[in-house]
> 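Provided herewith is a single structure, encoded as structure tokens, for subsequent inquiry.
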Amino acid sequence: MKIVDNKQTWKGFFTYLEGYEIIDSYIKVEFEMDLTFDDNSFSGTSTNSESENIFVEPILVKGFIDDDMISFVINYPCYYYKDEDGTIKLDKNLQHPNIEYLGFYDQIEKKYSGTWEMIISEEIISADVYMEEVANGEFEIYREK
């Protein structure tokens with residue numbers, strides 16, 4: 001994909017599994033990114049329908065496009081989670097884990113789709129063994145015209 005405009009708005013959605021049971025459902029959250037491109041690299045800010053009224057500081061985005069692949073990282077300003085009642089909570093004393101996105105362009109659909117991943121916790125078991133708790137989901141994104 002050839003980048004022509006330096007400032008662009010991208011829209012899409014991401015999904016995540018609510019709960020830990022197989023019968024739990026995926027939540028779909030719409031998001032938007034306002035990006036500034038430098039060649040194929042970009043940076044900017046993001047908002048999403050779930051947390052748009054929660055954060056005072058911006059949600060930061062940094063990534064790149066390489067041919068038909070997009071890769072970016074989203075950094076929330078602080079730790080954000082849902083409690084057992086489904087209420088969004090902030091812990092400003094903790095840093096939110098990076099959320100890494102990787103997707104590929106669909107020429108027919110004219111959008112990128114792929115997966116995201118976030119390491120929630122890591123535990124060292126021994127010198128060469130460790131355990132990670134990972135959250136993941138899917139996403140789609142396209143450039144707003």
Side-chain angles (χ1 to χ4, degrees), residues 1-84 86-124 129-145:
M1 172 179 255
K2 176 112 170 98
I3 304 302
V4 178
D5 299 329
N6 284 354
K7 298 212 180 273
Q8 301 177 11
T9 300
W10 290 60
K11 291 187 175 188
F13 68 87
F14 63 86
T15 64
Y16 66 89
L17 184 63
E18 183 156 82
Y20 295 100
E21 303 298 325
I22 291 176
I23 60 172
D24 291 334
S25 61
Y26 278 88
I27 304 296
K28 183 177 178 180
V29 179
E30 295 188 20
F31 74 109
E32 183 173 308
M33 299 190 307
D34 291 316
L35 304 175
T36 302
F37 279 81
D38 182 8
D39 289 323
N40 289 339
S41 297
F42 59 84
S43 61
T45 59
S46 180
T47 57
N48 68 61
S49 60
E50 186 173 81
S51 68
E52 64 188 344
N53 298 318
I54 303 297
F55 294 109
V56 176
E57 297 93 6
I59 300 168
L60 301 178
V61 179
K62 190 170 187 174
F64 65 91
I65 294 175
D66 186 9
D67 292 325
D68 287 344
M69 181 186 76
I70 190 168
S71 176
F72 58 97
V73 175
I74 291 187
N75 299 100
Y76 286 91
C78 66
Y79 193 70
Y80 130 74
Y81 63 97
K82 283 186 177 179
D83 67 11
E84 58 277 350
T87 305
I88 294 178
K89 300 288 185 179
L90 298 180
D91 186 339
K92 294 185 178 185
N93 296 318
L94 292 176
Q95 182 177 353
H96 197 283
N98 289 340
I99 305 171
E100 298 178 3
Y101 289 74
L102 177 64
F104 295 90
Y105 192 69
D106 183 318
Q107 294 288 344
I108 296 168
E109 297 286 328
K110 305 292 186 209
K111 63 185 173 187
Y112 288 90
S113 59
T115 58
W116 63 267
E117 181 176 282
M118 172 178 67
I119 298 173
I120 297 171
S121 66
E122 295 178 291
E123 182 179 346
I124 298 173
V129 177
Y130 68 98
M131 186 182 327
E132 292 180 335
E133 181 182 359
V134 176
N136 57 29
E138 298 179 348
F139 79 96
E140 288 184 2
I141 192 166
Y142 60 92
R143 180 180 172 193
E144 174 123 309
K145 300 202 189 302

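On a predicted model such as this, the values are computed, not experimentally measured, just so you know.
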> Quick test of your reading: applying side-chain hydrogen bond (donor to acceptor under 3.5 Å, both in side chains), list the pairs with at least one residue in residues 46-64, sequence neighbours left out, ordered by first then second residue.
Tyr16-Glu50, Asn48-Ser51, Asn48-Tyr76, Glu50-Tyr80, Glu50-Lys82

> Can you confirm whether Glu32 is buried at CD, in the sense that more than 12 heavy atoms of other residues, nucleotides or ligands lie under 6.0 Å from that atom?
yes

> Is there a side-chain contact between Tyr105 and Lys110 (heavy atoms, below 4.5 Å)?
yes

> Quick check for you: to the nearest 0.5 Å, what is the distance between Lys89 atom NZ and Ile54 atom CD1?
10.0 Å

> Please step through side-chain contact (heavy atoms from CB on, under 4.5 Å) for the pair Ile59 and Ile74, ending with a clear verdict.
CA-CA 7 Å; Ile59 300 168; Ile74 291 187; 3.4 Å; yes

> Within a radius of less than 6.0 Å around CD of Glu30, do more than 12 heavy atoms belonging to other residues, nucleotides or ligands occur?
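Open.
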
> Trp10 vs Tyr112 aromatic rings, parallel, tilted or perpendicular, using cut-offs 30° and 60°?
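Ring orientation of Trp10 relative to Tyr112: tilted.
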
> Could you please spell out the steps behind the side-chain contact (heavy atoms from CB on, under 4.5 Å) verdict for Phe55 and Leu90?
CA-CA 9 Å; Phe55 294 109; Leu90 298 180; 3.4 Å; yes

> Under 3.5 Å, is there a donor-acceptor pair between the side chain of Asp91 and the main chain of Asn93?
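Checked: pair present.
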
> Once you round to the nearest 0.5 Å, how far does CZ of Arg143 lie from OG1 of Thr9?
9.0 Å

> Measuring from atom CD1 of Ile99 to atom CD of Glu117, what distance do you get when rounded to the nearest 0.5 angstrom?
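With rounding to 0.5 Å, CD1 (Ile99) is 11.0 Å from CD (Glu117).
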
> Treating Trp116 as the side-chain partner and Thr15 as the backbone partner, does any N or O pair qualify as donor plus acceptor under 3.5 Å?
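Between the backbone of Thr15 and the side chain of Trp116 there is a qualifying donor-acceptor contact (under 3.5 Å).
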
> Evaluate Glu122 against Ile124 for side-chain contact (heavy atoms from CB on, under 4.5 Å), listing each step before the verdict.
CA-CA 7 Å; Glu122 295 178 291; Ile124 298 173; over 6 Å; no

> List for me each residue that meets side chain to side chain donor-acceptor pair (under 3.5 Å) alongside Thr45, sequence neighbours excluded, and say none if there are none.
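With sequence neighbours excluded, Thr45 shows a side chain to side chain donor-acceptor pair (under 3.5 Å) to no residue whatsoever.
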
> What's the verdict on side-chain contact (heavy atoms from CB on, under 4.5 Å) for Val61 and Phe42, showing C-alpha distance, side-chain angles and the deciding distance?
CA-CA 8 Å; Val61 179; Phe42 59 84; 3.9 Å; yes

> I need the Met33 CE to Leu60 CG distance, nearest 0.5 Å.
12.5 Å

> Out of curiosity, Phe37 CZ to Ser43 OG, how far, rounded to the nearest 0.5 Å?
9.5 Å

> Hey, what do you get for OG1 (Thr115) to CZ (Phe104), rounding to the nearest 0.5 Å?
8.5 Å

